[in-house]
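Below: one structure, written as structure tokens.
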Amino acid sequence: MLDTVIQGIFSSTADITLGGFLIGVGSALVLGIAMAFMYMYKNKYTKSFVITLATLPAIVSIVIMMVSGSIGAGVAVAGTFSLVRFRSVPGTAKEISSIFLAMAVGLACGMGYPLYALIFAVIMEVANIVLTAAPFGESKKNELDRVLHITVPEDLEYAGIFDDIFVRYLSQYKMTQVKTTNLGSLNKLTYNITLGKAGCEKQMIDELRCRNGNLEINITSQSTDGREQL
């Protein structure tokens, strides 16, 4: 029995039996659920993504079974499936790599090698857990980095109007976006800034309010790539 599992449950679509089909899809589903649990370890996730990750290996495995053993055709079809989630919502690098891992496990199960799929999944998930828990790859984020939003009247000439305030409170700053709001009656300015010292936000905001007509001002933290964290 072990030799059969190692050598492959079936070699072509014509060799697929009900037992082999159930072993292939069942093992893919079990491994998918296990990988979904592993992904939830120290990661932010949504229920829909976790369910997708749990079921994708079984979906890929049935696709591979039904394409007469043509790996190229199966990967092409399964790859189309994997891209559906990322058409409307950008995926993180880890989400995309998890999708490819689930596809690889499903591919192995669909080709009739559930034992190899298990070994591969265990190796990759252990590596993911170790690398996630370790400081490997962590960037040295500046805790003083912020994103500053300032709302100004649309008739205010905003170019350089806050520079003297920024010089006093910031070590560096850069305007990254100008957007109209409130039907064009207001402009919203976005800056990436680095505070000169911690705790100076209130004083800076008080001075900025005197320049922007006491309109909305918002300061948020930055992610490592410069985008604000919501």
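In this text the structure is predicted, and so the values were computed from the model without any measurement.
The two residues Pro114 and Ile23 have their closest heavy-atom pair at CG-CG2, 4.3 Å. Residue Met175 comes nearest to Leu189 through the heavy atom pair CE-CD1, 4.4 Å, listed as atom of the first residue, atom of the second, then distance. The two residues Ala102 and Leu56 make their nearest non-hydrogen contact at CB-CD2, 4.0 Å. Looking at every heavy atom in both residues, Val105 comes nearest to Ala117 through O-CB, 3.9 Å. The two residues Ala36 and Ala54 have their closest heavy-atom pair at CB-CB, 4.0 Å.
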Would you please test Met204 and Ile193 for side chain to side chain contact (heavy atoms under 4.5 Å, CB included) and show each step?
-> CA-CA 12 Å; Met204 182 178 68; Ile193 64 174; 4.2 Å; yes
Would you check, one step at a time, whether the test side chain to side chain contact (heavy atoms under 4.5 Å, CB included) holds for Met35 with Tyr39?
-> CA-CA 6 Å; Met35 288 189 297; Tyr39 181 83; over 6 Å; no
Take Phe162 and Tyr173 through the ring-ring contact (aromatic ring centres under 6.0 Å, His included) test and state the conclusion after the steps.
-> CA-CA 11 Å; Phe162 304 115; Tyr173 61 92; over 10 Å; no
Any chance you could lay out the side chain to side chain contact (heavy atoms under 4.5 Å, CB included) test for Asn187 and Thr181, step after step, and finish with the verdict?
-> CA-CA 6 Å; Asn187 290 326; Thr181 185; over 6 Å; no
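Taking the side chain as every heavy atom from C-beta outward, Pro57 and Leu29 never approach each other to under 4.5 Å. The shortest distance between side-chain heavy atoms of Leu170 and Leu195 falls below 4.5 Å. Ile150 is listed as a side-chain neighbour of Leu208, based on a closest heavy-atom distance under 4.5 Å. With contacts defined as side-chain heavy-atom distances shorter than 4.5 Å, the pair Leu215/Leu186 qualifies. Between Leu148 and Thr220, every side-chain heavy-atom pair lies at or beyond the 4.5 Å cut-off. For the pair Asn192/Asp145, no side-chain contact is recorded, criterion being any heavy-atom separation below 4.5 Å from C-beta on.
A distance of 4.5 Å separates OG1 in Thr190 from CD in Gln177, rounded to the nearest 0.5 Å. With rounding to the nearest 0.5 Å, the separation of OG1 in Thr55 from CD1 in Ile51 is 7.5 Å. Annotation: the span from Asp155 atom CG to Ser185 atom OG amounts to 10.0 Å, rounded to 0.5 Å. A distance of 12.5 Å separates CD in Gln203 from CD1 in Ile165, rounded to the nearest 0.5 Å.
Judged by distance alone, the side chain of Thr151 and the main-chain N or O of Lys188 form no donor-acceptor pair under 3.5 Å.
Remark: Asp164 pairs with Arg168, Arg211 by the side-chain contact (heavy atoms from CB on, under 4.5 Å) rule, at least two apart or across chains. Considering only residues two or more places apart in sequence or on other chains, Phe37 meets the side-chain contact (heavy atoms from CB on, under 4.5 Å) condition with Ile33, Met40.
Between the side chains of Tyr169 and Glu207, at least one donor N or O lies within less than 3.5 Å of an accepting N or O. Side-chain atoms of Thr194 and Gln172 include a donor-acceptor pair closer than 3.5 Å.
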